[in-house]
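Beneath this line is the structure, given in structure tokens, with notes to follow.
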Amino acid sequence: MSNDESRRNKHRELALDYLRKKAESDLSKAQVSLSLLLDNAVGIGDHSTEDFHKNLDEALNMLVDADDRLNALHEYFG
């Protein structure tokens, strides 16, 4: 393997590692958000129900997006 090929492979692996870690981080963030919203909703009285629903939707969308990204990375790049 040439030096250029080795460098390209290194860059590829670093990029894939970044993408996986970003998706894993987003997944964790969404799980924490949903857990707080679902299990510790005592502060809802300070906010409107609409805000609560919006926050639930955003957290679920983040979870689904991160999970989709992780599945795509696994399926297409191993």
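In this structure, the side chain to side chain contact (heavy atoms under 4.5 Å, CB included) partners of Asn3, at least two apart in sequence or on a different chain, are Arg7. Considering only residues two or more places apart in sequence or on other chains, Ser28 meets the side-chain hydrogen bond (donor to acceptor under 3.5 Å, both in side chains) condition with none of them. Taking the salt bridge (charged side-chain N to carboxylate O under 4.0 Å, His left out) definition, one finds that Lys29 meets it with nothing, sequence neighbours left out. Residues satisfying the salt bridge (charged side-chain N to carboxylate O under 4.0 Å, His left out) test with Asp68, not counting sequence neighbours, are none. For Ser6, the side chain to side chain contact (heavy atoms under 4.5 Å, CB included) partners two or more places apart in sequence, or in a different chain, are Met1. Listed by chain and number, the residues in a side chain to side chain contact (heavy atoms under 4.5 Å, CB included) with Lys21 are Asp17, Glu24 (sequence neighbours excluded).
Leu70 is connected to Leu63 through a chain of hydrophobic side-chain contacts under 4.5 Å among Ile, Leu, Val, Met, Phe, Trp and Tyr, so both are in one cluster. Under the 4.5 Å side-chain contact rule for hydrophobic residues, Leu60 and Met62 do not share a cluster.
Ala59 approaches Leu37 most closely through the heavy-atom pair CB-CD1, 4.4 Å.
The CZ atom of Arg20 sits 14.5 Å away from the CG atom of Leu27 when rounded to the nearest 0.5 Å.
Applying the side-chain hydrogen bond (donor to acceptor under 3.5 Å, both in side chains) definition to pairs two or more places apart or across chains, none involves residues 53-62.
Other members of the hydrophobic cluster containing Leu16, listed by chain and number, are Tyr18, Leu19, Leu73, Tyr76, Phe77; membership follows side-chain contacts under 4.5 Å among ILVMFWY residues, whether direct or relayed.
Enclosure of atom CD in Glu50 is not indicated, since only 12 or fewer non-hydrogen atoms of other residues, nucleotides or ligands lie within 6.0 angstrom.
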